[in-house]
Engineer: 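One structure is given below, represented as structure tokens, and several questions about it will come after.
Note that the structure is a prediction, hence the values are computed from the model and not measured.
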Amino acid sequence: MASPVIFLSAEESSQAASAGFIQEMRQTLQKAQEITQVISEAESIAEDATKFCEAIQAQHLVQSKKLALTGKPQAAAVPLAASLTREIQASVVWTQSLLQMCNIAESPASVVP
């Protein structure tokens with residue numbers, strides 16, 4: 001079971017605490033984008049390698065060991081980078097919504113139902 005993630009900030013105002021939280025989120029999302037880029041590059045290299053292997057097999061009429069053992073062609077791997085990108089985009093929207101809620105909570109104006 002994964003341990004919960006907690007953010008705690010002792011600041012003089014909610015606005016300062018919110019700013020710290022948003023900064024942490026930005027840094028986390030930036031790191032996630034960097035990881036996603038590396039994964040995307042790795043997936044691209046793996047796809048190219050698979051194409052080269054298939055071309056060599058076709059040229060030499062060699063049946064792959066996986067196909068020979070199972071009788072089924074190997075399924076292509078599901079791209080992980082695209083999934084991570086969607087998750088990052090959802091996190092950005094969530095963070096913006098949270099920031100807006102913090103601004104509303106700190107505002108002296110009343111909230112219209």
Engineer: Tell me every residue that passes side-chain contact (heavy atoms from CB on, under 4.5 Å) with Q100, counting only those two or more places apart in sequence or in another chain.
Structural biologist: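 Here the qualifying residues are N103, I104.
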Engineer: Which distance, rounded to the nearest 0.5 Å, do you find between the CE of M101 and the CG of L98?
Structural biologist: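 Rounded to the nearest 0.5 Å, the CE-CG separation comes to 5.0 Å.
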Engineer: Hey, what do you get for CD1 (I88) to CG (L29), rounding to the nearest 0.5 Å?
Structural biologist: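 Those atoms lie 7.0 Å apart.
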Engineer: I need the full list of ring pair (Phe, Tyr, Trp, His ring centres under 6.0 Å) pairs touching residues 82-102, with sequence neighbours left out, sorted by first then second residue.
Structural biologist: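 Checked against ring pair (Phe, Tyr, Trp, His ring centres under 6.0 Å) - neighbours excluded - no pair reaches residues 82-102.
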Engineer: Counting only pairs under 3.5 Å, give me each side-chain donor-acceptor contact of residues 30-42, with atom names and distances, residues two or more places apart or in other chains.
Structural biologist:
residue	atom	partner	partner atom	Å
Q30	NE2	E34	OE2	3.3
T36	OG1	A32	O	2.8
Q37	NE2	E41	OE2	3.1

Engineer: Could you give all pairs that pass the ring pair (Phe, Tyr, Trp, His ring centres under 6.0 Å) test and reach residues 19-50, with sequence neighbours left out?
Structural biologist: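 Qualifying pairs, neighbours excluded: F7-F21.
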Engineer: Report the distance from atom OG1 of T95 to atom CD of E24, rounding to the nearest 0.5 Å.
Structural biologist: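 Nearest 0.5 Å value for the OG1-CD distance: 12.0 Å.
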Engineer: Which residue pairs pass the side chain to side chain donor-acceptor pair (under 3.5 Å) test when at least one of the two sits in residues 43-53, sequence neighbours left out?
Structural biologist: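 Pairs touching residues 43-53 that pass the test: E47-K51.
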Engineer: Atom CD of E87 and atom CD of Q89: how far apart are they, to the nearest 0.5 Å?
Structural biologist: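 One finds 10.0 Å between CD of E87 and CD of Q89.
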Engineer: For E54, check side chain to side chain donor-acceptor pair (under 3.5 Å) against everything at least two apart and list the hits.
Structural biologist: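 Not a single residue meets the side chain to side chain donor-acceptor pair (under 3.5 Å) criterion with E54.
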Engineer: Excluding sequence neighbours, so at least two apart, what forms side-chain contact (heavy atoms from CB on, under 4.5 Å) with A16?
Structural biologist: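 So A16 forms a side-chain contact (heavy atoms from CB on, under 4.5 Å) with E11, S13.
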